[in-house]
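Here the structure comes first, spelled out in structure tokens, and everything after it is commentary.
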Protein chains: 2
Amino acid sequence: MRKRTRDIQKALSESGYRITQSRLAVIEVIMRARHSLSPEEILARARKIEPSVGLATVYRTLDVLHAEGYLERVRIGNKGYTLACEEKSLHFHLICERCRTVIELQSNHSSDALLAQLRAAGFKSRKNAVEIVGLCAKCQSPE
Amino acid sequence: MRKRTRDIQKALSESGYRITQSRLAVIEVIMRARHSLSPEEILARARKIEPSVGLATVYRTLDVLHAEGYLERVRIGNKGYTLACEEKSLHFHLICERCRTVIELQSNHSSDALLAQLRAAGFKSRKNAVEIVGLCAKCQSPE
DNA sequence: CTTCTTATTGAGAATGATTCTCATTAAGCG
DNA sequence: CGCTTAATGAGAATCATTCTCAATAAGAAG
């Protein structure tokens, strides 16, 4: 995890971005997260590392990380969530709308077949992760 | 098309909903549409049929139709779009973020294989239509 | 280490989509 | 034809996200 944050730091620096304490805190939070986080959640956690971080900076840092391919943005209802993902080939993300855990399906023949269909249709997907929102096994059972 | 609207009208009526002129106008607009529409677009078109329709009623009618399974809601950026869809088994929707045309892939072995994976993971998808947002063949070429 | 340039920041205002409120209307039953 | 109440339209309210702008600090250069 720590290592991952450093890699991103290095890559961003080489791309000409300045490495600020606020950005580092946000990156650290996202890398540590075990499920997808809303901007507000990221803000709360980042402030434990760097108390001066503002919400706008969280959004801006998400934009940068997304543009550089380090994370995916998801929508559940009206809210935007964020999770780290560097997988480049087409694959599926099963996202639980209750606990926001993400099950990442391996690329396999179902994603290969889908990819072939996309090619046949001449369709270019915006994302490599195809999101399927629903309920994971745990959250379906009566609590 | 006309027939489709009547079927829905009948079904809603039997479910205890009142059939108002505003609702009829909104249903008619959605059934006629050849691509997904934003609430504002639906409002504009519905007002040509029933000039008194309000935006809130468009949203409320969308909720009803969605609850009854007559349409899917999609998000492109921050905006919500809507398209008619009654297909019940798992399948893919390729949605062009530029022209908003929807290419509906037939259920086949790729969706079957995905369904098997969902079952294996114990994951329950919220929708039957898995949305893939991107650019259709036409919109990719320089205009 | 200090200075300079300017990308980045934080706070709050602004925006845009969606939802809510509430007095008024009309669907559909008898 | 009336009655009951679901549904409506208009505008206010809400919530997520984006923008504005003066102040700050990253990083290059000296």
Side-chain angles (χ1 to χ4, degrees), chain A residues 6 8-29 36-68 71-82 97 100, chain B residues 6 8-29 36-68 71-82 97 100:
Chain A
R6 278 229 206 86
I8 294 177
Q9 173 177 350
K10 186 159 170 263
L12 291 185
S13 180
E14 284 168 0
S15 297
Y17 293 100
R18 290 183 182 174
I19 305 306
T20 65
Q21 294 309 305
S22 294
R23 272 183 181 160
L24 275 179
V26 171
I27 294 170
E28 185 67 25
V29 164
S36 34
L37 298 173
S38 70
E40 290 286 356
E41 288 169 327
I42 293 170
L43 178 67
R45 295 184 186 195
R47 280 188 164 161
K48 291 180 184 165
I49 302 173
E50 172 58 50
S52 69
V53 186
L55 184 57
T57 294
V58 171
Y59 276 101
R60 286 184 286 231
T61 304
L62 294 180
D63 286 345
V64 170
L65 293 175
H66 182 247
E68 297 296 309
L71 56 82
E72 289 291 341
R73 304 263 238 145
V74 187
R75 294 209 139 252
I76 301 177
N78 284 334
K79 289 200 181 100
Y81 289 90
T82 297
E97 63 189 345
R100 272 174 281 134
Chain B
R6 277 227 209 87
I8 295 177
Q9 172 178 348
K10 185 160 171 260
L12 291 185
S13 179
E14 283 169 0
S15 296
Y17 293 101
R18 290 183 184 176
I19 305 305
T20 66
Q21 295 309 305
S22 295
R23 271 183 183 162
L24 275 180
V26 170
I27 294 170
E28 185 66 25
V29 164
S36 34
L37 297 173
S38 70
E40 290 286 358
E41 288 170 326
I42 293 170
L43 178 67
R45 295 183 187 196
R47 281 189 162 159
K48 291 180 185 167
I49 301 173
E50 172 58 51
S52 69
V53 186
L55 184 57
T57 294
V58 172
Y59 277 101
R60 287 184 286 229
T61 304
L62 294 180
D63 286 345
V64 170
L65 293 176
H66 182 247
E68 297 295 311
L71 57 79
E72 290 291 341
R73 305 263 239 145
V74 187
R75 294 209 139 253
I76 301 177
N78 283 336
K79 289 198 181 103
Y81 290 89
T82 297
E97 63 189 345
R100 274 174 279 136

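Just so it is clear, the model here is predicted, and its values are computed rather than measured. Just so it is clear: chains get the letters A, B, ... in the order the sequence lines come, proteins before strands, and each one is counted from 1.
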(Q) On DNA chain D, compare the nucleotides closest to Val58(B) and Tyr81(A); which residue's is nearer the 5' end? (A) Val58(B)
Q) Do you know the tightest heavy-atom contact between Ser22(B) and Val53(B)? A) OG-CG2, 4.0 Å
(Q) Enumerate the side chain to side chain donor-acceptor pair (under 3.5 Å) contacts for residues 37-56 of chain A, please, sequence neighbours excluded, ordered by first and then second residue. (A) Ser38(A)-Glu41(A), Glu41(A)-Arg100(A), Glu50(A)-Ser52(A)
**Q.** Qualifying residues under side chain to side chain donor-acceptor pair (under 3.5 Å), relative to Gln21(B), sequence neighbours excluded
**A.** none
Q) dC15(D) P sits how many Å from Lys79(A) NZ, rounded? A) 9 Å
Q. Can you give one letter per nucleotide of nucleotides 19-30 of chain C, going 5' to 3': B for a protein heavy atom under 4.0 Å from the base, S for sugar-phosphate only, - for none?
A. BBB----BBS--
Nucleotide N/O of nucleotides 28-30 of chain D paired with protein N/O under 3.5 Å:
none

Q. Ile49(A) and Leu24(A): side-chain contact (heavy atoms from CB on, under 4.5 Å), yes or no, with the steps?
A. CA-CA 9 Å; Ile49(A) 302 173; Leu24(A) 275 179; over 6 Å; no
Q. Checking side-chain contact (heavy atoms from CB on, under 4.5 Å) for the pair Gln9(A)/Ile27(A): CA distance, chi angles, key distance, verdict?
A. CA-CA 9 Å; Gln9(A) 173 177 350; Ile27(A) 294 170; 5.8 Å; no
Q.
Under 4.0 Å, heavy atoms only, any strand: does Ser38(A) hit a base, just the sugar-phosphate, or nothing?
A. nothing
(Q) Tell me whether the side-chain N/O atoms of Thr57(A) come closer than 4.0 Å to OP1 or OP2 in dT8(C). (A) no
**Q.** Residues within residues 42-51 of chain B bordering DNA chain C, heavy-atom distance below 4.0 Å
**A.** none
Q) Do the side-chain N or O atoms of Ser22(B) get closer than 4.0 angstrom to the phosphate oxygens (OP1, OP2) of dG9(D)? A) yes
Q | Rounded to 10 degrees, the angle between the two terminal axes of the helix from dC1(C)-dG30(D) to dG30(C)-dC1(D), each from five pairs | A | 40°
